[in-house]
Amino acid sequence: MNEKKKNILEQAMMLFATKGYHSTSMQEVAEQAGVSKGALYLHFTSKNELLVEIYRYYYQIIKEKMNAVDDTKDLHPKERLRTQISIYMEELLSQKEFILMHMNENVSYSKELEEFLQSAKTDTFQWYKESLTNIYGASILPYTIDLTIILKAMIEGYLFTLFSTNASLSIEGLTAFIISRLDDLVEGLLEKKEKPQFVLSQMNIQAQPLFGESHWQEKLHTYFLQLENLIMDSNIDEQVRKDCVDSIEFIKEETKQVNPRRMILLGLLNNLHVIPETKPISDKIVEIITEQMAQ
């Protein structure tokens with residue numbers, strides 16, 4: 001994104017936060033950003049498009065900061081999640097006035113904004129689910145939807161309280177508290193072996209994408225966890241172990257594509273066969289992918 005467009009978005013967001021969305025004109029945005037009204041319309045054809053782009057712009061900023069945490073390989077998954085939640089909360093709180101404006105003015109959602117927010121919501125649920133399984137392992141797979149709902153509710157509940165009050169809390173302390181409560185939840189669920197309240201098969205087809213995965217993707221995720229456990233437990237050279245872990249990461253990325261490349265997957269899975277126990281699981285992954293590609 002060029003600097004001029006970035007400046008327009010930042011100035012518009014400031015105006016919307018202070019004056020309100022409905023009370024701010026495109027002329028005022030142009031003046032605040034130091035561009036002509038014609039130049040503004042070259043970038044954004046309407047105030048609604050400008051609003052959607054503001055959401056996209058700041059959502060991308062948050063994602064990039066959170067992805068940078070993912071790249072920190074020496075962080076324990078639990079500390080990685082805590083750090084990412086801190087970033088998520090701090091970034092939203094830094095835009096408190098803008099978010100409150102949107103809530104208080106009851107800004108109507110255009111189809112484009114609705115689609116973007118739905119996509120962002122799906123991404124967020126997927127992030128929660130992947131983080132939970134990375135921390136607690138395959139044993140919590142039956143509870144991932146329930147735990148995702150509870151974790152989301154905790155984060156949003158505290159955010160709403162912080163938005164609505166002048167309370168001063170340490171975000172670092174708050175996120176540590178949230179992770180500790182998550183530990184309590186997982187421990188209680190596994191100890192009591194309670195029946196999950198929500199599983200994907202209970203939901204209609206339209207609702208399933210919200211939770212980021214379909215049945216076949218859940219199966220793949222389970223197999224990936226099994227492969228990772230085998231690799232970590234195997235008595236192999238550390239460089240070979242690293243190569244196997246990297247192969248799994250590439251496989252995960254490839255299976256997210258609309259049309260996964262079967263030959264690429266076969267080659268990557270073949271890299272894992274230095275550990276013979278991985279082959280039966282690799283065969284199941286190939287079977288699932290082949291079935292999906294045939295549909």
Side-chain angles (χ1 to χ4, degrees), residues 55-56 58-67 69-70 77-96 98-100 102-103 109 113-165 167 169-190 194-214 217-218 221:
Y55 271 92
R56 285 198 177 116
Y58 277 96
Y59 180 69
Q60 189 59 36
I61 288 174
I62 294 172
K63 278 195 74 172
E64 286 175 2
K65 289 186 177 183
M66 291 170 65
N67 288 343
V69 178
D70 278 331
K78 195 178 291 187
E79 178 58 21
R80 184 177 297 126
L81 176 60
R82 190 204 64 75
T83 304
Q84 288 175 320
I85 294 173
S86 291
I87 290 169
Y88 181 73
M89 296 183 82
E90 284 168 352
E91 288 295 323
L92 291 181
L93 287 167
S94 73
Q95 305 302 335
K96 175 181 174 180
F98 176 79
I99 293 169
L100 286 175
H102 204 130
M103 291 165 61
Y109 286 15
L113 181 55
E114 210 167 85
E115 287 175 353
F116 166 73
L117 292 174
Q118 180 66 23
S119 172
K121 194 181 291 186
T122 301
D123 279 352
T124 303
F125 267 101
Q126 183 67 8
W127 162 50
Y128 289 148
K129 285 187 72 178
E130 286 183 359
S131 299
L132 289 166
T133 48
N134 286 338
I135 293 169
Y136 300 107
S139 59
I140 62 131
L141 283 174
Y143 301 107
T144 49
I145 293 179
D146 289 318
L147 287 168
T148 297
I149 291 169
I150 295 168
L151 177 57
K152 180 176 183 291
M154 282 198 288
I155 294 169
E156 292 186 357
Y158 280 114
L159 276 172
F160 180 79
T161 304
L162 290 168
F163 282 147
S164 308
T165 67
L169 282 179
S170 159
I171 297 300
E172 189 171 335
L174 177 57
T175 52
F177 180 83
I178 289 171
I179 295 297
S180 185
R181 299 294 67 75
L182 199 56
D183 286 340
D184 294 339
L185 279 166
V186 171
E187 184 181 345
L189 285 169
L190 296 180
E194 293 185 61
K195 181 182 176 183
Q197 295 302 297
F198 270 108
V199 293
L200 206 63
S201 58
Q202 291 175 303
M203 300 177 184
N204 58 39
I205 296 299
Q206 290 74 23
Q208 288 182 8
L210 176 62
F211 292 88
E213 293 178 348
S214 61
Q217 287 171 315
E218 284 192 334
H221 194 70

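Every heavy atom of this structure was used, including side-chain atoms; hydrogens, water molecules and symmetry mates were not. In this text, all values refer to a predicted model and were calculated from it rather than measured experimentally.
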Nearest 0.5 Å, what's the CG-CD1 distance between Leu185 and Ile140? 11.0 Å
Is it the case that the side chains of Glu114 and Gln118 hold a donor-acceptor pair, with the cut-off being a distance below 3.5 Å and no angle test? no
Working to the nearest 0.5 Å, report the span between NZ of Lys121 and NZ of Lys152. 6.0 Å
Do Asn134 and Lys78 pass the side chain to side chain contact (heavy atoms under 4.5 Å, CB included) test, and can you show the C-alpha distance, the side-chain angles, and the key distance before you say yes or no? CA-CA 8 Å; Asn134 286 338; Lys78 195 178 291 187; over 6 Å; no
Ignoring hydrogens and geometry, is there a side-chain-to-backbone donor-acceptor pair from Thr144 to Leu141 under 3.5 Å? yes
Find the distance between CD1 (Ile149) and OH (Tyr128) and round it off to the nearest 0.5 Å. 12.0 Å
Minimal heavy-atom distance between Glu91 and Lys65, with the atoms involved, is OE2-NZ, 2.6 Å
Please determine whether side chain to side chain donor-acceptor pair (under 3.5 Å) holds for the pair Glu130 and Gln126, giving the CA-CA distance in whole Å, both sets of side-chain angles, and the decisive distance to 0.1 Å. CA-CA 6 Å; Glu130 286 183 359; Gln126 183 67 8; 3.0 Å; yes
Show the numbers, then the answer: is there a side chain to side chain contact (heavy atoms under 4.5 Å, CB included) between Leu132 and Val186? CA-CA 10 Å; Leu132 289 166; Val186 171; 5.5 Å; no
With a cut-off of 6.0 Å (strictly less than), are more than 12 heavy atoms of other residues, nucleotides or ligands near CZ of Phe98? yes
Could you tell me whether Arg181 sits above the aromatic face of Phe177, with NZ or CZ closer than 6.0 angstrom to the six-membered ring centre and within 45 degrees of the axis? yes
Could you walk me through whether Leu81 and Thr175 pass the side chain to side chain contact (heavy atoms under 4.5 Å, CB included) check? CA-CA 9 Å; Leu81 176 60; Thr175 52; over 6 Å; no
Within this structure, what is the CD-CD distance for the pair Glu172 and Glu90, rounded to the nearest 0.5 Å? 8.5 Å
Looking at CG of Leu100 and CZ of Phe163, how far apart are the two atoms once the value is rounded to the nearest 0.5 Å? 6.5 Å
What I'd like to find out is whether the side chain of Ile145 reaches to under 4.5 Å of the side chain of Gln197, using heavy atoms alone. no
Can you check whether Ile85 reaches Trp127 side chain to side chain, under 4.5 Å on heavy atoms? yes
Answer with yes or no after comparing the ring centroid distance for Tyr136 and Tyr143 against a 6.0 Å cut-off, counting only values under it. no
Evaluate Ile179 against Glu79 for side chain to side chain contact (heavy atoms under 4.5 Å, CB included), listing each step before the verdict. CA-CA 9 Å; Ile179 295 297; Glu79 178 58 21; over 6 Å; no
Check: Ile150 and Leu182 side chains under 4.5 Å, non-hydrogen atoms: no
So do the side chains of Asp146 and Leu189 get within less than 4.5 Å of each other, counting heavy atoms only? no
Heavy-atom distance under 4.5 Å between the side chains of Tyr59 and Phe116, does that happen here? yes
Rounded distance (nearest 0.5 Å) linking atom OG of Ser180 with atom CZ of Arg82: 12.5 Å
